[in-house]
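Each chain gets a letter, A, B and so on, in the order the sequences are listed, and its residues count up from 1.
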Amino acid sequence: MRAHPPEVHMATLARSGRRVSPFRLSSLLRGEKDPSVALQLFRSVDAGPETKPFRYSLLSYDLVITKLGRARMFDEMEQVLAQLGRETRFSVPEPLFCQVISFYARARLFDRALRTYRSIPSFRCHRSVKSWNSVLHALLKCGEYGRMDEVFDEFRNHASPDACTCNILIRALCGSGKLEDARAVLDEMPLRGIRPDGVTFLVLINGLCSNSMLGEAFELKDDMVRVHGIRPDARLYASLMKGCCKVGDVNMAFGLKEEMLRERVELDAAIYSTLIHALFEVGRTAEVCGLLEEMRENGCKPDTVTYNVLISGSCKKKDIDEAYRLLDAMVENGCKPDVTSYNVIMGELCKEGKLDEATDLFEDMPRRGCTPDVVSYWILFSGLCEKMQLKEAAFLLDEMVFKGYTPHDASVYKFVDLLCQEGNHELLLTVLCSLRKGKAVKADYWTRMISLTCKNNEFSNVELVDHLINS
DNA sequence: TTAGGGTTAG
């Protein structure tokens with residue numbers, strides 16, 4: 001369905017009055033891109049407590065909740081969820097809760113994810129291992145490893161772990177550097193009657209490769225094939241190739257490409273992106289064109305990541321014009337530049353001291369359909385500090401904190417140090433106040449920054465703390 | 001809409 005402007009939807013509803021059907025509402029909601037308008041539509045069909053309640057379909061609830069969750073409009077999402085909880089005509093399917101839990105995970109709101117999991121029974125829905133796995137995944141995404149035991153104890157009463165549970169656990173252990181424990185989970189799976197699958201091996205091999213344990217990774221791949229009868233896929237090869245490149249063995253990565261051809265595993269854009277990146281890393285740039293040609297011959301189209309690798313390669317060669325040309329080529333070939341495409345170019349502009357151009361690109365991103373992310377802010381902030389454009393840096397830091405992004409403690413400390421050296425009292429106080437308001441700096445860094453400020457005789461301890469408390 | 005690969009930054 002073609003997306004109409006909101007006023008068209010509203011006009012449709014106004015014309016139909018209360019006669020709009022639950023089916024029609026779902027189809028209107030499906031076509032509505034703006035989550036606020038979708039919510040408005042959803043609410044507009046119910047005339048209030050005086051009249052017969054509108055019989056919302058489960059699909060309408062699903063559509064609105066999903067749109068609000070994606071847009072991080074959590075308060076509104078909870079209101080619709082609460083309304084859904086009051087419906088007695090149907091029970092709510094578990095995947096909807098999995099979705100809600102993953103929205104909270106993405107926003108790093110683990111407690112809200114856990115609360116959602118606990119509320120599932122009140123929606124007349126049975127909690128299976130699926131929603132449990134979503135919570136576990138949320139725990140991993142939010143980095144709340146310390147709460148693993150607490151949450152595991154609660155879950156044991158509701159469901160038994162499956163392969164997916166183990167895979168999430170293995171990934172969490174790899175992520176915190178506990179590779180032996182991760183391996184132990186794999187070894188324990190058959191004892192618990194759980195069969196490891198392709199994902200289990202991928203996650204573990206990926207962990208081993210990230211830690212440069214190539215020997216163990218290849219050994220595990222052999223076990224996977226011989227003992228478990230699982231064929232390696234392109235994802236597994238990409239992990240192994242990246243591992244080879246990490247230890248500097250690009251030839252071994254190309255050897256894996258040959259193996260893929262022999263074993264008839266399809267080479268996709270991720271495989272080529274990994275190899276092209278490796279060539280740039282070791283300075284074998286002359287071979288990039290040939291590989292791109294081979295990619296074309298194999299009917300494999302470059303995707304956004306492939307272009308980003310090429311942009312990053314051009315930047316390494318200090319060829320910004322080529323980077324911009326690639327940005328245009330992306331659009332011509334139906335690939336949308338993403339935040340990484342811009343961050344790479346901005347990073348190079350900062351490195352070359354072209355701060356005005358970097359700032360222009362940063363400010364132009366929204367117009368080009370791309371929102372700057374935390375990395376965009378980090379790049380521009382450190383570029384401005386490097387060039388001693390402290391006023392501009394202070395302004396950007398304030399904006400970053402206001403948007404809820406966390407700056408690096410170390411770069412903030414360095415920035416405060418620079419302001420002290422400059423003796424710019426006014427700006428120093430403004431910066432400290434905006435950091436305090438955003439609660440963007442860890443406590444021990446505050447101590448360090450306050451002692452730094454006072455050591456430089458900018459302010460007395462009492463004077464500074466007083467100012468921060470009362471600002 | 002249960003879990004998984006390749007690009008930026010630190």
Subject >> Counterpart residues, ring-ring contact (aromatic ring centres under 6.0 Å, His included), relative to A/Phe74 (two or more places apart) >> reply: A/Tyr104
**OP:** Name the nucleic acid region contacted by A/Leu202, choosing base, sugar-phosphate or nothing; use a 4.0 angstrom heavy-atom cut-off, strictly under.
**Re:** base
Original post:
Heavy atom of residues 281-297 of chain A under 4.0 Å from DNA chain B: which residues?
Top reply: none
**OP:** Scan residues 267-277 of chain A against DNA chain B and write down, sorted by residue number, each residue with any heavy atom closer than 4.0 Å; if none is found, say none.
**Re:** A/Asp268, A/Ala269, A/Ala270, A/Ile271, A/Ser273, A/Thr274, A/His277
Original post:
Where along residues 327-351 of chain A does a heavy atom fall under 4.0 Å from DNA chain B?
Top reply: A/Thr340, A/Asn343, A/Val344
Original post:
Touch check for A/Thr306, heavy atoms < 4.0 angstrom, all strands: base, sugar-phosphate only, or nothing?
Top reply: base
Original post:
Distance between the P atoms of B/dG6 and B/dT2, in whole angstroms?
Top reply: 22 Å
Original post:
Just checking A/Asp233: base, sugar-phosphate only, or nothing, at a heavy-atom cut-off of under 4.0 Å?
Top reply: base
Subject >> A/Glu94 side-chain N/O to A/Ser131 backbone N/O, donor-acceptor pair under 3.5 Å >> reply: yes
Subject >> Nearest-Å distance once atom C1' is located in both B/dA3 and B/dT7 >> reply: 23 Å
Subject >> All pairs passing ring-ring contact (aromatic ring centres under 6.0 Å, His included) where residues 278-300 of chain A contributes a residue, at least two apart >> reply: none
Original post:
Earliest and latest nucleotide of DNA chain B, 5' to 3', sitting under 4.0 Å from a non-hydrogen atom of chain A?
Top reply: B/dT1 to B/dG10
**OP:** May I ask you to check if A/Arg127 and A/Tyr117 form a cation-pi contact, with NZ or CZ under 6.0 angstrom from the six-membered ring centre and within 45° of the axis?
**Re:** yes
Residues 245-255 of chain A, side-chain donor-acceptor partners within the protein, below 3.5 Å, at least two apart:
from: A/Asp249; atom 1: OD1; to: A/Met252; atom 2: N; distance (Å): 3.1
from: A/Asn251; atom 1: OD1; to: A/Arg284; atom 2: NH1; distance (Å): 3.1

Subject >> Partner set under salt bridge (charged side-chain N to carboxylate O under 4.0 Å, His left out) for A/Glu386, not counting sequence neighbours >> reply: none
Subject >> Residues forming a side-chain hydrogen bond (donor to acceptor under 3.5 Å, both in side chains) with A/Arg367, sequence neighbours excluded >> reply: A/Asp364
Original post:
Mind checking whether A/Tyr342 and A/Phe362 have ring centres under 6.0 Å apart?
Top reply: no
**OP:** Go through the structure and list residues passing side chain to side chain contact (heavy atoms under 4.5 Å, CB included) with A/Cys350, not counting sequence neighbours.
**Re:** A/Leu355, A/Ala358, A/Ile379, A/Leu380
Original post:
Taking the side chain from A/Asn211 and the backbone from A/Met213, do they hold a donor-acceptor pair closer than 3.5 Å?
Top reply: no
Original post:
How are the rings of A/Tyr56 and A/Tyr61 set relative to one another: parallel (under 30°), tilted (30 to 60°) or perpendicular (over 60°)?
Top reply: tilted
**OP:** Only pairs at least two apart or in different chains count here, so list each ring-ring contact (aromatic ring centres under 6.0 Å, His included) that has a residue in residues 181-237 of chain A.
**Re:** A/Phe201-A/His228
Original post:
Across the strands shown, which category fits A/Lys130 at heavy-atom distances under 4.0 angstrom: base, sugar-phosphate, nothing?
Top reply: base
**OP:** Kindly write out the residues that satisfy side chain to side chain contact (heavy atoms under 4.5 Å, CB included) with A/Ala270, not counting sequence neighbours, or none if the list is empty.
**Re:** A/Asp268
